[in-house]
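Reading through the structure tokens given below for one structure.
On a predicted model such as this, the values are computed, not experimentally measured, just so you know.
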Amino acid sequence: MVKDTADGVSSQILKGAQVTAMESDSAVSVIETGSSGQRTQQMLDHLADKVNGVILSTDAPGISFIRDYAKRVPLVVLNRPLEGVASVVPDPRIGTVRAEPAETLAVTYVAGPAASWANQSRWPRCMTSGTAWDSRSIR
């Protein structure tokens, strides 16, 4: 279940899940829910007894809902580390380090939702990297 199918990182992980699923005669279906937490929770509840597991790539449902859902259905959460729930989390240092070569004249960080884990993990790394980040960056 994804917020937006255009998300490049999530789509790469889902492609990998599809390859693995095909090897065991299973399949991966993608459901795009947009940014509605209520819609996401409704879809997850609807799927609970119909699927073998869920990959959740959206920040829409609340933490307590996700933890409760993970007790009912095998669940992996992308881009959102939650204690007690399987999570796949990128290392924000990689992208910021790659954006820091000496020949780079300016780097602008365009943030996602302020409350998202991804944004909260990347912005502090940018600010402590030693690179002269454009202070006018959209945050």
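Across all their heavy atoms, Met43 and Thr33 have their closest contact at CG-CG2, 4.3 Å. Between Ile55 and Ala17, the shortest heavy-atom distance links the atoms CD1-CB, 3.6 Å.
Hydrophobic clustering, with ILVMFWY side chains joined whenever heavy atoms are under 4.5 angstrom apart, keeps Val73 apart from Val28. Cluster membership for Leu82 and Val54, using ILVMFWY side-chain heavy atoms within less than 4.5 angstrom, is shared.
Ser26 contributes no side-chain N or O that, together with a main-chain N or O of Met22, makes up a donor-acceptor pair within less than 3.5 Å. In this structure, Ser87 contributes its side chain and Val85 its backbone to a donor-acceptor pair below 3.5 Å. Proximity of a side-chain donor or acceptor of Tyr69 to a complementary backbone N or O of Leu44 within less than 3.5 Å is detected. In this structure, the side chain of Arg67 engages the main chain of Glu83 through a donor-acceptor pair within 3.5 Å.
Annotation: Asp49, atom CG; neighbour count of heavy atoms from other residues, nucleotides and ligands within 6.0 Å is above 12. Remark: Lys50 NZ is packed, more than 12 non-hydrogen atoms of other residues, nucleotides or ligands lying under 6.0 Å away.
Interatomic distance, OG of Ser29 versus CD of Gln18, reported as 8.0 Å (0.5 Å rounding). The distance from atom OG1 of Thr58 to atom CD1 of Ile66, rounded to the nearest 0.5 Å, is 8.0 Å. Rounded to the nearest 0.5 Å, atoms OG (Ser36) and CD (Gln42) are 7.0 Å apart.
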Residues Ile13, Val76; criterion side chain to side chain contact (heavy atoms under 4.5 Å, CB included); working and verdict: CA-CA 11 Å; Ile13 292 170; Val76 175; over 6 Å; no
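Take Asp68 and apply the side-chain hydrogen bond (donor to acceptor under 3.5 Å, both in side chains) test, not counting sequence neighbours, and it matches no residue. Scored by the salt bridge (charged side-chain N to carboxylate O under 4.0 Å, His left out) test, Arg72 finds Asp45 as partners (sequence neighbours excluded).
Inter-residue side-chain proximity for Glu23 and Val19 is flagged as met; some heavy-atom pair is nearer than 4.5 Å. You'll find the side chain of Thr40 reaches within 4.5 Å of the side chain of Leu56, heavy atoms only.
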